[in-house]
Amino acid sequence: MSKIKTYFNWSSGKDSALALYHLLQDERYSVDELITTVNSHFNRVSMHGLRKELLISQTNAINIKSSLIELPEMPSMEVYEQKMLEIVSRLKNEAFTHSAFGDIFLEDLRVYREAQLAKQDLKAVFPIWKRDTKELLNEFLDLGFKTIIVCANSKYFNEDFVGTVIDKHFIENLPEGVDPCGENGEFHTFCFDGPIFKNPIPFTIGEKVYREYDNPNTDDSVCKSDKYGVWYCDLISSKKKQ
C-alpha cells in the first residue's frame with residue numbers, strides 16, 4: 001500500500017522535532033519535505049530568531065528536502081496567507097495530500113490550519129496533539145533529544161533563561177502558569193541533537209538581546225500594556241568551512 005505523501009511544517013524547535021520523530025515512526029506516512037517560514041529582512045526563523053544558516057545545518061542533518069517561505073519583517077495576514085498559498089499549491093501539484101504540525105493544544109490554531117488546508121483539499125496531521133506537555137518533555141529528553149532556549153517572553157523570564165539547555169530539572173524550576181513546552185508562546189527552542197539527526201548541529205552562544213513588540217491584544221482589561229518584551233539568545237554556527 002502506498003504511503004501518504006506528507007510535508008512537515010518545521011519550526012526548528014523541540015515540539016517540531018518530537019512530532020516529526022513520531023511521524024517518521026508511523027508507516028502510514030512518507031515525510032518528503034520540510035517547510036519553514038523565515039524573516040527575509042533578518043534571515044532568521046520566524047518567531048524563534050534562529051539564523052538561517054543554522055536552520056539549514058539542522059535540516060541537512062535530518063536529511064529531508066527542505067524549503068523556505070520568506071516573509072517580510074511584519075507581514076499582514078493577507079501577505080502571510082498568499083505566501084502560504086503559493087507553496088501549498090506547488091506541493092499539491094507534486095502530489096502531497098497531508099500537512100503535519102507540532103502543535104499540542106491550541107484549538108483555535110488547529111481550526112485555522114485545517115480550514116486553510118481544506119481550501120486546497122489537503123488534510124492536517126498533528127502527531128503529538130493533546131499529549132500532556134510534561135510527559136512530552138520527559139519523553140523528548142529520554143529519547144536523547146537536546147534543545148536550547150533561543151527566545152523567551154520577558155513577562156516570565158529574564159536574560160539568564162535564554163541560552164539554557166533543557167534538562168530534567170527544567171520543569172521544576174518553571175514559573176507558575178508556564179507550560180512545560182512553552183505551548184502558549186512563553187519560550188521557543190532550537191533542537192540541535194537527537195534520533196532524527198544524522199549528526200549534532202554545532203553552534204556557539206552569541207549575544208543576548210531584548211526587543212519589544214506591539215501587543216496584538218487590544219483588550220485593556222486583559223493586557224495592561226500595548227507592548228510585550230522578548231529576550232533572544234543568538235546562536236552562531238560553528239561548522240567548519242570546507
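Just so you know, these numbers use all the heavy atoms, side chains as well, and skip hydrogens, waters and symmetry mates. What you are looking at is a predicted structure, and each value in this text was computed from that prediction instead of being measured. Note that the numbering runs from 1 along the sequence shown for the chain.
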Practice task
Would you sort out whether D142 and K168 count as a salt bridge (charged side-chain N to carboxylate O under 4.0 Å, His left out), showing the intermediate values?
Solution key: CA-CA 9 Å; D142 289 341; K168 287 281 188 175; 2.9 Å; yes
Problem - Point-to-point distance, once rounded to the nearest 0.5 Å, from OG of S11 to CD1 of I35 - result: 13.5 Å
Handout entry: For F197, all residues meeting ring-ring contact (aromatic ring centres under 6.0 Å, His included), sequence neighbours excluded
Key = none
Handout entry: I62 side, atom CD1; I201 side, atom CD1 - distance, nearest 0.5 Å
Key = 7.0 Å
Completion exercise
For G163 and I148, the nearest pair of non-hydrogen atoms, with its separation, is O-CD1, 3.5 Å
Handout entry: Which residues share a salt bridge (charged side-chain N to carboxylate O under 4.0 Å, His left out) with E81, sequence neighbours left out
Key = none
Exercise for the section: Establish, from distance only, whether the side-chain atoms of T133 and D179 form a donor-acceptor pair under 3.5 Å. Expected result: yes
Practice task
Identify whether the distance between the nearest side-chain nitrogen and carboxylate oxygen of D234 and R44 falls below 4.0 Å.
Solution key: yes
Exercise for the section: Could you pull out the closest heavy-atom pair between E135 and D132, with the gap in Å? Expected result: N-OD2, 2.8 Å
Fill in the blank from the handout: Taken in chain and number order and not counting sequence neighbours, the residues that satisfy side-chain contact (heavy atoms from CB on, under 4.5 Å) with S2 are none
Exercise for the section: Answer whether the closest heavy-atom distance between the side chains of N60 and S57 falls below 4.5 Å. Expected result: no
Fill in the blank from the handout: Taken in chain and number order and not counting sequence neighbours, the residues that satisfy side-chain contact (heavy atoms from CB on, under 4.5 Å) with A19 are F8, P127, I128
Practice task
Go through the steps to decide whether K134 and E139 satisfy the test salt bridge (charged side-chain N to carboxylate O under 4.0 Å, His left out), and finish with yes or no.
Solution key: CA-CA 9 Å; K134 184 175 182 179; E139 178 189 11; over 6 Å; no
Handout entry: Set of side-chain contact (heavy atoms from CB on, under 4.5 Å) partners for M74, sequence neighbours left out
Key = none
Exercise for the section: Output all residues satisfying ring-ring contact (aromatic ring centres under 6.0 Å, His included) with Y29, sequence neighbours left out; order by chain, then residue number. Expected result: none
Completion exercise
Here the gap from L91 atom CG to Q120 atom CD, rounded to the nearest 0.5 Å, amounts to 10.5 Å
Fill in the blank from the handout: Across all chains, not counting sequence neighbours, the side chain to side chain donor-acceptor pair (under 3.5 Å) partners of T59 are S66
Handout entry: Backbone of S12 reached by a side-chain donor or acceptor of Q58 within 3.5 Å
Key = yes
Handout entry: Intermediate values then yes/no, salt bridge (charged side-chain N to carboxylate O under 4.0 Å, His left out), K227 and D214
Key = CA-CA 5 Å; K227 299 282 186 180; D214 292 332; 2.8 Å; yes
Problem - Main-chain N/O of E70 paired to S40 side chain as donor or acceptor, under 3.5 Å - result: no
Practice task
Any ring pair (Phe, Tyr, Trp, His ring centres under 6.0 Å) involving residues 32-84? Give me the pairs, sequence neighbours left out, ordered by first then second residue.
Solution key: H48-H188
Please tabulate, for the side chains in residues 149-156, all donor-acceptor contacts under 3.5 angstrom to protein atoms that are two or more places apart in sequence or on a different chain.
from : atom 1 : to   : atom 2 : distance (Å)
N153 : OD1    : K155 : N      : 2.8
S154 : OG     : G229 : O      : 3.1

Practice task
Could you tell me whether the side chain of N39 reaches within less than 4.5 Å of the side chain of N43, counting heavy atoms only?
Solution key: no
Problem - Expected output: side-chain T189 to main-chain C191 donor-acceptor under 3.5 Å - result: no
Exercise for the section: Using a strict 4.0 Å threshold on nitrogen-to-oxygen distance, state whether K5 and E33 make a salt bridge. Expected result: no
Practice task
Would you please name every residue forming a side-chain contact (heavy atoms from CB on, under 4.5 Å) with S99, sequence neighbours left out?
Solution key: Y7, N9, F101, L117
Problem - Short N-O contact, K92 and D121, less than 4.0 angstrom - result: yes
Handout entry: Ion pair D160/K208, N-O distance below 4.0 Å
Key = no
Fill in the blank from the handout: Here the gap from M84 atom CE to S89 atom OG, rounded to the nearest 0.5 Å, amounts to 10.5 Å
Exercise for the section: Given side chain to side chain contact (heavy atoms under 4.5 Å, CB included), test T204 with L235 step by step and report yes or no. Expected result: CA-CA 6 Å; T204 56; L235 302 181; over 6 Å; no
Handout entry: E183 side-chain N/O to F105 backbone N/O, donor-acceptor pair under 3.5 Å
Key = yes
Practice task
May I ask you to list the residues sharing a hydrophobic cluster with I56, side-chain cutoff 4.5 Å, ordered by chain and number?
Solution key: none
Exercise for the section: State the OG-NE2 distance between S30 and H98, to the nearest 0.5 angstrom. Expected result: 12.5 Å
Handout entry: Minimum side-chain heavy-atom gap T6-D32 below 4.5 Å
Key = no
Exercise for the section: Taking atom CD of E172 as the centre, report whether more than 12 heavy atoms of other residues, nucleotides or ligands fall under 6.0 Å from it. Expected result: yes
Exercise for the section: State, to 0.1 Å, how close I196 and F145 come at their nearest heavy-atom pair, and which atoms those are. Expected result: CG1-CE2, 3.8 Å
Practice task
For residues L34 and K65, determine if any side-chain heavy atom of one lies less than 4.5 Å from a side-chain heavy atom of the other.
Solution key: no
Fill in the blank from the handout: The reported gap from CD in E78 to CD in Q82 (rounded to nearest 0.5 angstrom) is 10.5 Å
Handout entry: W231: partners by ring-ring contact (aromatic ring centres under 6.0 Å, His included), with sequence neighbours left out
Key = Y210
Problem - Heavy-atom side-chain contact between I236 and F203 under 4.5 Å - result: no
Problem - R90, CZ: over 12 other non-hydrogen atoms inside 6.0 angstrom - result: yes
Handout entry: Lys/Arg-Asp/Glu bridge criterion (N-O < 4.0 Å) met for R131, D15
Key = no
Handout entry: Any donor-acceptor pair under 3.5 Å from S16 side chain to K14 backbone
Key = no
